[in-house]
Amino acid sequence: MTAAQRQQWGLAALGALALAYGSVPVRAAPASFDAQVDALVARMSLEHKVAQLIQPDISTITPDDMRAYRFGSFLNGANSGPGGDLRAKPAAWLALADAMWAASAAPLANGEPAIPTLWATDAVHGHGHLGAATIFPHNVGLGATRDAGLVRRIGAVAASEIAATGIDWTFAPTLAVVGDVRWGRSYESFGSDPALVSTLGAAMVEGLQGEKGTAQFLDQAHVIATMKHFLGDGGTGGKDEGDTRGDIATLIATHGAPYRAAIAAGGQTVMASFSSINGEKMHGNRALLTGLLRDDMGFDGLVVGDWNAQGQLPGCTNADCPKAVNAGLDIYMVPDDWRALYAALLREVRDGTVPMARLDTAVRRILRVKAHYGLFDKPRPSARALAGNWGLIGAPDHRALAREAVARSLVLLGNTGVLPLRASAHILVAGRAADSVARQAGGWSINWQGGADFPNSDFPGATSIYAGIAAAAHAGGGSAVLSPDGSYADRPDVAVVVFGEKPYAEYAGDIPDLALRDEEGLGLLRKFRAAHIPTVAVLLSGRPLWTGREMAEADAFVAAWLPGSEGEGVADVLVGDAAGHPRRDFSGRLPFAWPATCAPGGAALFAVGEGGSYAAPPARRAAAQDCAALAPARKGVTVLFDRFLAQGANASATDATGSRDLPRLTGASTDRSIEAAAFDSATQEDARRVVWHRAATLGLQWPASAAVPANGVVHMTVRLATAPQARVALSGDCPGCTQAVDLAPLLRDRAGKGWAAIDVPLACLGGTRPGGIRLRADAPLTLEFREISVVAPEGGHAAENTACPSAPAGTGQ
Ligand code: BGC
C-alpha cells in the first residue's frame with residue numbers, strides 16, 4: 001500500500017505492514033479501531049455507505065460494477081465460480097480477487113476513502129469448491145471425533161488454503177444444534193448436544209481466524225469465520241428453513257449456547273437464519289438479532305443475511321426489505337437483485353424508513369470487522385503472505401491431517417470379529433460409492449449439491465475409500481479388487497460394501513422419515529451374506545439413519561459419515577496388519593443418537609456418545625427390520641426436474657452446430673442458441689429460465705431405469721412473460737418419435753399469468769418407448785420451468801381425460 005493510500009484511508013496510526021507469513025503487526029486494541037472507523041464513516045458518501053450493506057454474487061457483477069458501486073463485500077454462491085466456471089484453476093480465483101479488490105480500492109473523488117471489499121465463500125469443510133483442495137470430513141464426522149484440538153488445526157489448514165486463493169471470509173462454521181436429523185443440513189452440524197457444538201464450534205472459529213489475543217488472530221494466514229445460522233436453524237423439526245418452536249428461554253439456552261462460546265472465541269460475523277422462531281422469520285426478528293445477539297451476548301461484529309432470505313419476510317421482496325436492516329441485519333446477501341435493493345435502500349435512508357443512525361451503525365460494524373482483519377493494511381489479495389502459494393492447496397501435511405480426522409471420525413456400531421481385516425487377505429470392495437470421492441465428499445463439494453457422478457478426476461490428489469483399502473492390503477501382502485456391482489471371479493476372503501446417501505445440500509436433503517433408501521447397498525450385503533462371504537458395511541451418510549436391514553446382513557457396521565478427500569483414513573482403522581491385529585483402534589463416538597426404527601422420534605439403537613472399538617466391542621443390538629414408510633411416496637411419477645435435475649436424468653441443448661449436455665439443467669448450447677440458468681422462485685435456485693435466442697432444441701431424458709408408462713402425461717409447471725411468436729414443438733425422444741405437438745397456443749394462453757401447468761399425454765407424441773422429451777422453439781422464446789415430470793394415471797392425473805393440445809405439428813426436429 002502506498003503512503004498516499006494510507007493517508008487516504010486515514011490509517012497511518014495502525015502500524016507498519018506485515019507481509020511475512022507468521023509475522024504480523026501488533027494490532028491496536030479494538031477501541032482504537034472504533035476511532036479510526038468513525039473517522040472513515042464520517043467521510044463516506046451516503047451511496048458508498050449503502051453499498052457496504054450490499055453483497056452480490058460473482059455471477060452477476062463485474063469488476064466494473066464493483067468500481068461503480070463499491071460493494072462492501074461479495075460472495076461466490078455455491079454454484080458460482082470465476083468466469084462462471086466452478087472448476088476454474090486456483091489462479092483464476094486469485095485473479096478475480098485482485099480485480100474486485102482493485103476496483104473497490106480505486107481512489108475516489110473529493111478525498112472520500114475507498115474501502116476495500118471482502119470476498120466470502122462457503123468453505124464449509126475445507127476449500128471444497130476447489131477439487132484439488134483438502135476436503136475435510138463434514139462437521140458431523142468432526143463431531144464424532146469430539147476433539148477440539150483437531151478441529152482447531154483443521155480450521156487453520158482450511159484458512160491457509162482459502163487465503164492462498166485471495167479469499168477473505170468463509171461462511172462457516174454452522175453452529176446448529178440439531179434436534180431432528182431428517183433436516184438436510186444435519187451433516188453441517190457437530191451434533192445434537194449444545195455443549196459439544198459449543199466446544200467444536202468455538203474451536204473451528206479459532207482455527208479459521210487464529211486465536212484471539214495472539215499475533216495470529218486474523219493475520220494473513222487466517223480468514224474471517226461466520227457463525228451460522230442465527231438462531232435455531234437446527235430446531236425446526238427436520239425441515240429446512242422451518243420454524244423452531246417452544247419456550248423462548250429454553251430455545252435460547254439450547255441454540256444460543258454455541259454462539260456465546262464462538263463469540264468469546266472472537267467470531268467476527270453471524271449469519272441470520274432462513275428459519276423462524278415461534279413463527280417469526282429470523283431476518284426480521286429484532287428481539288433476537290439485536291436484543292439477544294448484541295445487548296445480551298455482546299456481539300460487536302457484523303450480521304450478514306442469508307441468500308435472498310430478506311425476500312421471505314412479510315411485506316418484503318428480495319429487492320426491497322427495510323425491515324431486515326431495521327431488525328439488525330448489517331449486510332444483505334442479495335445474489336442477483338442488488339441493483340434494485342441498492343436503489344430501494346438508498347431511497348429508504350433518504351426518506352427515513354431506515355434511520356441514518358441505523359445505516360451508520362451497520363457500516364461501522366462492517367468496517368470494524370475489516371479493521372480487525374487488517375484489511376486496510378493488507379495489500380491486494382495476490383500480494384498477501386499465502387496468496388498464490390499453490391503448494392498449500394491439498395498440501396501433503398494438510399491431507400495427512402484430514403486423513404487423521406477421517407480415522408478419528410469412524411464410529412463402529414457392529415463387529416462380530418471380521419474387523420480388523422487381515423492386510424494379507426483378498427478383499428473385494430463393492431458399491432458404486434467405493435471408488436467415488438464425490439460420494440465421500442457429499443454436498444458443498446465443487447458445487448452446492450455435490451454430485452454422485454463427479455469423476456475422481458474432479459478431485460486431483462484425493463483418495464477414494466477403495467484406493468485406501470487397496471494400498472493397505474498391498475502393503476500387507478494382500479490384495480483388493482474393486483467391484484462396484486459385487487461380481488467376482490476369484491472368491492474373496494472378505495467383502496467391504498461402501499454405500500449410503502448420495503450427495504445433497506440444504507432442503508434437497510430433507511427426508512420424511514429416517515429410512516436409508518439405498519437398494520444397491522442392501523442388495524450387495526444380501527448377496528455376500530447368501531454366498532457366506534464375511535462382509536463389512538461402510539455407510540456414507542450425512543446423519544444417522546435407520547439401517548436395521550443393513551446391520552442384520554453385515555458382520556461389521558461402520559458409520560463413516562462424509563469423510564471428504566482422504567479415503568485412506570478408513571483403511572487406517574479397518575485394515576489391520578498381515579496377521580489381523582489392529583493398526584489403530586476406533587475412537588469415534590456418535591454425535592447424534594442412532595435410530596432403531598425409521599419413524600422420527602422413535603427409540604434409539606445407540607445413544608449419543610456410544611461407539612465401539614477393538615478394545616471394547618460394540619454392544620449387539622437389534623433394530624427394527626422393516627419400515628412402513630418405504631412405500632414410494634409419489635407412485636407413478638417420473639421426475640425430470642423438480643427444483644433439481646433428477647438423479648440419472650439428463651438435459652441437453654441442440655443447436656445448428658451440435659449438441660451439448662446441460663448439467664443441472666444450466667449452461668448453454670454450443671453456439672449459445674439456448675441458454676439455461678437457475679434462479680430463485682420459491683426457494684434457492686429451484687427454477688430454470690431457458691432462453692432460446694434462435695431455433696434450437698432442449699432435450700430431457702429420464703433415467704434409463706425409469707418405468708415410464710405409455711399412457712403417462714408430460715406435466716410441466718411453466719411461466720412466461722411474452723407469448724411465443726412461432727411454433728414450440730414438444731416431441732418424444734426416440735427413433736420413431738416423429739410426431740410433435742405445438743405448445744404455442746397453450747403457452748400464449750398462459751403468457752403473463754404466473755406459474756401454470758401444461759399437460760400433454762405421451763400418446764400425443766407418437767412413437768413407442770421414448771427415452772425422454774424434446775422441446776424445440778422455432779423463434780426466440782423465454783420459458784421458465786419449476787417442474788417437469790411424467791405422471792402415470794395412478795400418479796394423480798387423469799391421463800385418459802387429458803386431450804392432445806392441438807393437431808400434430810409435424811416433426812419435432
Ligand atoms: C445457505 C448458507 C450459505 C449461503 C451462501 C445459503 O443457501 O443457507 O449457509 O452460506 O447460501 O452460499
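Ligands are counted one by one from 1 in listed order, and the atoms in each one are counted from 1 as well. Nothing fancy with the numbering, it's 1 onward along the sequence.
- Of all the atoms in ligand 1, the ones that sit under 4.0 Å from a non-hydrogen atom of K228 are 2 (C), 3 (C), 9 (O), 10 (O).
- Going from atom CZ of R688 over to atom CZ of F641 covers 4.0 Å, rounded to the nearest 0.5 Å.
- When all heavy atoms of T244 and H255 are compared, the closest pair comes out as CG2-NE2, 4.1 Å.
- Within the 4.0 Å heavy-atom cutoff, F274 counts among the residues contacting ligand 1.
- Close approach to F171 involves these atoms of ligand 1, each under 4.0 Å from a residue heavy atom: 10 (O).
- Remark: R87 qualifies as a cation-pi partner of F454 under the 6.0 Å distance and 45° angle criteria applied to the six-membered ring.
- In terms of protein heavy atoms, atom 2 (C) of ligand 1 is closest to D306 OD1, 3.3 Å.
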*Can you list the steps and then say if M333 with M271 is a side-chain contact (heavy atoms from CB on, under 4.5 Å)?*
CA-CA 10 Å; M333 188 191 293; M271 187 184 290; 3.6 Å; yes
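- Smallest separation of non-hydrogen atoms from H398 and V157: CG-CG1, 3.3 Å.
- Each of T60, D57, D65 was compared with W338 under the side-chain hydrogen bond (donor to acceptor under 3.5 Å, both in side chains) criterion, and only T60 meets it.
- Among protein heavy atoms, atom 12 (O) of ligand 1 sits closest to D122 OD2, 2.4 Å.
- At the top of the distance list for atom 7 (O) of ligand 1, counting protein heavy atoms only, stands Q684 OE1, 2.3 Å.
- Every atom of ligand 1 is numbered from 1 in the order shown, and the set under 4.0 Å from a heavy atom of H229 is 2 (C), 8 (O), 9 (O).
- Ligand-side atoms of ligand 1 in range of R185: 1 (C), 2 (C), 8 (O), 9 (O), range being under 4.0 angstrom from any heavy atom.
- Near M271, meaning under 4.0 Å from any of its heavy atoms, are these atoms of ligand 1: 2 (C), 10 (O).
- Cation-pi geometry between K228 and F171 is not satisfied (NZ or CZ under 6.0 Å from the ring centre, within 45° of the ring normal).
- The L75 neighbourhood of ligand 1 comprises atoms 5 (C), with distances under 4.0 Å to a heavy atom of that residue.
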